[in-house]
Every structure is written in structure tokens, then in C-alpha cells.
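Counting starts at 1 for both ligands and their atoms, in listed order. For reference, positions follow the sequence shown, starting with 1. Just the heavy atoms: all of them, side chains too, but no hydrogens, waters or symmetry mates, feed the values below.
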Amino acid sequence: MKRILNHILGIGAGAALFYGCNTAASDDKRAESDPVTFQVNYGEPIAPIQPTMYGIFFEDINFAADGGIYAEMVKNRSFEFDLPMIGWLQPNSDRFSMNEKSGFASVIKTDSDEPNANFLRVEVKADNGYVLRNEGFKGMGVKKDLQYNFSMMARNQSGDIKMHIQLADSTGKVLGKTTIDPDASEWKEYTSSFTATSEEMKAVLNIQFEGKGVIDLDMISLFPSDTWKNRPKGMRADLVQLLDDLDPGFLRFPGGCIVEGRNLARRYQWKKTVGSIEDRTTLVNRWNTEFAHRPAPDYYQSFGLGFFEYFQLAEDMGAEPLPILSCGIACQFNTGELVPMDELGPYVQDALDLIEFANGDSNTAWGKVRADMGHPQPFNMKYIGVGNEQWGPQYIERYKAFEAAIKSKYPDMIIVSGSGPFPDGEMFDYGMKELKKLGAEIIDEHYYRSPEWFLENADRYDSYDRNGPKVFAGEYAAQTVAIASPDNKNSWMTALSEAAFMTGLERNAEVVHLTSYAPLMAHSEGWQWTPDLIWFNNLSSYGTPNYYVQKLFSTNRGTHVLSLTENGKPVTGEKKLYATAAKDENTGEVIFKIVNASSDEQNTQFKLNGIDGLASKGRLTVLKSDKTDVVNSFESPVAIAPEEQEIALKGNELTVNLAPYSLSVIRVKTVVQ
Ligand code: AHR
């Protein structure tokens, strides 16, 4: 208790920062230690902090899109998986029998090159005897009293068939139902809604057939009605809300390695992800069999969440869209397949067409596609990424071709290049050297390293050339065990070390323009990669301690970085303290972010010059835990979460006791006459 009181009762010589009125504890504390004193220069900001400073990296890994943020509940709705009945069961039918009693289904593959070539032909032999079941993504999450919207394409071949659509739990109890009576012999869309009567995490969708005959089915779909912004066939609102709460400056999509593909044929091709959803080409997800210890043979991309939806999501959140495209190199950890330079044209054209899709008038070819999808206004895309984390001369060669074509048509487009998968070593050094020679504008750096590395590298950017390329810290996360180890945890220590490192990102806002944690999301039963920022199951979701660190930095960004020093030096780990200061020109506040990575309380004092005083009240938000291995979970989603308090103070100094293992964010209005 004394410890907590000491933390919230920080009192120092001169002006003080304090809460409540219990001064006894603070008096004790004051006697114990002299504060570590920081000098803060409010009057002469070092550099603007870009609005893009803290953003989001979205990749369809860990069932983040299909089975995650994309709220479709039916897996393999269009029978396009390589094994086209994945996700579908026929519980009353013996498909190995020559004499099916109830009925059976077969996938018909048309000869066409159309994106959605397959459909299901169902032959019903026994009235009310045949059931087709979809298992969902690790089941289907169903909420009591919520409306569910069913839709499908159907074509009667013969007979007279009615279809009873039912959500059921594992005991067969029906949780909600409706009936469809297909009446056309040509393809026609049928829709119907119903309300669920109880909650269930692992429901299934049963389609019970009444009557006898033959019917063709496709695009069998079920969505909850409570999607983000209530958009039909939209995104899971709880997951988008968690992203929106981060107030991200940008949204990078669609990855990650998924951009590159394990081979070129399986790279992400944005043109196949726009237009009506039935015309989008399903593709195996590259994380499907990437890790033998986490196989996910049922992991595909329906592209219901495609490039239009990513742009729209960015717009909803007020974030800059930052698409990354294949540069003609498949993932170098897999095949590393290369497009010959004289065949790179279509890849470069994809980039040019994407810019037209995002920004072109609706009378341009690709601008019209966007307008026809319901967004006549441009998305005002300013950034484009060329390649994910490629390395070597092959990358530089291809980057140059993209750069020349993009800049000649769209000189203002800012191009993001990459320095490979590691933050140091041969590949990194080579990429950086070559990209600098080419005058690259922003270079993406990735680091998946230990918490110790993050602490030790809080000064990483202090020595970066202020006149060189800007930095996009595009993928980072502290790993408790090793990169991509299934035993990694989102522990408080990882989050705290990231916070320490992030003080270094912010202190160097002059050179660091964009940053994002990765990966973003993981289904608790479907993940391939850990740690991840947000975890979810079919019904709920929670932010990790790392999420709250991101949120505190992003929602307390400030507009300009200020000099904050101890004895003339930046605060990068001496005494296990890490700190940055910013001003917010819009609110007239000074913002401090301080990490105490030690197991002891630390008394700190901030002396500001360039101001006439501080307001009498401010706010302190703290993330802390005495135990560094604490994690959040479905059972304890806010074991570590920000605690916010009003603080009172006077003068132009403030003193605060920092709790052991804590991140503190202080906002105080300044008085400048
Ligand atoms: O974030 C997971 C993976 O890590 C990304 O797909 C890739 O870019 C990096 O190697």
C-alpha cells in the first residue's frame, strides 16, 4: 500500500505533483531519495512529430481477417478451397456409400476461368433427412438476441426443395432459424434474417433440406448484424473498435509476408480483391502450412476483406492508408522466386493502377471500380510500399524499376522501401547502404528481438542521419523466447521494454516518421505466430499489455518533440529510466512519457524552461505491475491496463515517484505569456 501511495503522491522540492492529501507517505519518500532531475526545453521544439508516428500493421495471419475481423461466419462459403469441402460436413450422409439414403453433395467445377468457378450440387433423396453443415471458424460465435443475416445463391435443378437454416449448439439445440424456399431455375440470391435465442461460442450452421430434388448452391453466407458501422457483410465491431481506440496515424496492409506469397503465383494481388465479393478469387493463406507445429490447413483468404475495405477502414479511423505491394520477389524465407526484370511490367503496373484505384477520378478505369463500389471520392493515398522485407541486389534492382515508374507518373507519392527482415547484419547493412544511395524516402525496419534488445536499443536512432531517409519502424515486438516461438508471451516485460524503446522512437521523431507493432491480431485457437497485439475468440477480444503501451503512446502523441535530458544527455536507460517529452500545440500541453524499468520506485523531477508556469491540474496515466511476467487474458482482460488520475501541481517543475516496472504518461497544460 505504501508503495502505491508513494507512487500517486509524488511530491518534490519546488513545485509538486500530487494526488489526494496523504502527505505522510510522500514525506517519508522524500526523505529516502533525491529525485533524478530532467531538464525539459519547452521553448524550442526539436522537430514535429508526424501524425503518422503511431499506426497499425494489419496482416491476415493468425486468422486475423477470415475468421477474425471479417465477420463472415461460414468457412469456405463458395467451395473454392483446394479441397473444396473443407468446412462442410454432411452428418446424415455416408459419402463412401454407393447407396446414399438421405442425399449427398458434390462440388462442381466449371470450366471457366472465372474467380468463383465452383458451386455445390445437392441431391436430396429423403424428405427432411439430409443436412449440410458448416463448422465455421473454430465454430461460430452467436450472441443472444442478435439478428443474423443469411444469404446464398441457389438454382433449382429439379424437384421441390425447402431449406431450413439453423444455428445449433453442440447438443443440437437450435439457437435461431429461418427458412428459404428457392423458387428459380436460374441463379438467384436469397436472403433471410433471424434472431438468436441464446449465446454460444461454438455453434454450427445446419441446413436441413425438406422435399426431394436437386439444387445448386453457392456463396452460402451468415453475418451478424452488429458489424462495424452496421455495414452489411462488414467487419467485427469489437475488433475494429480496439483498432480505432488506438487512434492510428496509418493503416499498413495487407502484411507482411502475405504480400510476397510463398511463391509468386500465391502473392497478394490486390486486383483480385476488389469488386463484388463473389468475383474475388479465393487464395490459400501463406500461413496455412508455414509452421509445421501450427498447421492450419483450413486457412484461406476469401478477400471479403479486400483492398477497398482496407482503404475504407483507414478512412473510418482517420488513418493514412499504406498499402504494400509485391515487388516481384516471393518470400525469401520460402521459394524466393523472382520475376525476371524484363517481365516486371505487370507488377509495376499493379502499383500504378492501385494509385489510380485509390486516388483517380471516377472516370478513370480503376477510379471507376472504386466509385462503383460506393466511394466516388478518392481515398487520398499518399504512401505506397514496394516489397515487404526483401533483401539483396535483386530487391534493389526491382525497387529502382518501381520507383522510376511511380515517381514519373505520381511524383508526390511517398515510396516506402524495406531493409529486410533483421535490424542489423549483412542484409540490413547492404539494403540501407543501397537505398540511401538511391535517395529512398522512407525505409521500413523490422525487429523481433528480446526485451533486453529493446531496452538496449532505446538510443538506436539517436545517431541516424537527420538528412537521410526517414524510418518506418514497420514491424516490431519483443519476444520472450525467440522469434516466432509458439511459447512467446505478451508479458508485461515485453510491453515495458517496447515502451522504453518507443521513447527512443519518439525522441527521434525528426527521423522516425511511422511505427507499428506486429503482428496485430490472433485467434486464440487459430494462431500461427505469437506474441500479438490483440487476442480474440469467436465472441470476445482483449488488448495485451503491449496494446495498452501502443495506445498510450498513440493517444498522447503530441505535435512536437522536446529536448528532455539528464545532465545534458537523453534518458536512454541510465538508472533504468527512459523518457521523452512532447508538446501538443493544439492543446498547449506538455506530455511526458517515462518508463521505469527497475524493480524499485524512482523519484523524478522535471524542470521546464520556456514556460511561465504549469496549470494547476494535469493528468497522469500509468501502466504498471510489480510482476513482469503478468499477461492479460480472456479471464483477466485488464490485468494490466491504464489507470488514470487527475494531478494537481504548481510552478514549472514537477516531481513524480515512478512505480517499479511502470510506464507513466503525464499531460499538463502550460502557461506561456
Ligand atoms: O509479423 C509476422 C511476419 O514477420 C510478417 O509477415 C513478416 O513481414 C515478418 O517476417
(request) Would you list the pairs meeting ring-ring contact (aromatic ring centres under 6.0 Å, His included) in which at least one residue belongs to residues 485-526, sequence neighbours left out? (result) Y447-F501, W453-F501, F454-F501, H523-F536
(message) If we set the cut-off at 4.0 Å for heavy atoms, which region of I258 has an atom near ligand 1: side chain, backbone, both, or neither?
(response) neither
(message) Can you confirm, on distance only, whether ligand 1 has an N/O atom lying under 3.5 Å from any N/O atom belonging to C257?
(response) yes
(message) Show the atoms of ligand 1 that are less than 4.0 angstrom away from any heavy atom in P519.
(response) 1 (O), 2 (C)
(message) Students should be able to answer this: which protein heavy-atom is nearest to atom 10 (O) of ligand 1, and at what distance?
(response) E389 OE2, 2.6 Å
(request) Please indicate whether any nitrogen or oxygen in E59 is less than 3.5 Å from any nitrogen or oxygen in ligand 1. (result) yes
(request) Check the side chains of D238 and S541 for a donor-acceptor pair under 3.5 angstrom, ignoring hydrogens and angles. (result) yes
(request) Would you kindly say whether N334 and N263 are connected by a side-chain donor-acceptor distance under 3.5 Å? (result) no
(message) Quick check on the 6.0 Å ring-centre criterion: do Y299 and F137 meet it?
(response) no
(request) Taking only heavy atoms of N388 into account, list the atoms of ligand 1 that are under 4.0 Å away from them. (result) 7 (C), 8 (O)
(request) Identify the protein heavy atom lying closest to atom 1 (O) of ligand 1, giving its residue, its atom name and the separation to 0.1 Å. (result) Y448 OH, 2.7 Å
(request) Identify whether the distance between the nearest side-chain nitrogen and carboxylate oxygen of E337 and R266 falls below 4.0 Å. (result) no
(message) Just to confirm my output: which protein heavy-atom neighbour is closest to atom 9 (C) of ligand 1, and how far is it?
(response) E475 OE1, 3.0 Å
(message) Under a 4.0 Å threshold between the charged nitrogen and the carboxylate oxygen, would E441 count as salt-bridged to K407?
(response) yes
(message) Could you measure the distance from the CG atom of L435 to the OG atom of S417? Nearest 0.5 Å is fine.
(response) 4.5 Å
(message) I'd like to know if W287 contacts ligand 1, where contact means a heavy-atom distance under 4.0 Å to any ligand atom.
(response) yes
(request) Decide whether the shortest distance between a heavy atom of P421 and an atom of ligand 1 is less than 4.0 Å. (result) no
(message) Using 30° and 60° as the class boundaries, would you call the ring planes of W270 and F357 parallel, tilted or perpendicular?
(response) tilted
(message) Need the ligand 1 atom indices (1-based, order shown) with element for anything under 4.0 Å from a heavy-atom of W529.
(response) 2 (C), 3 (C), 4 (O)
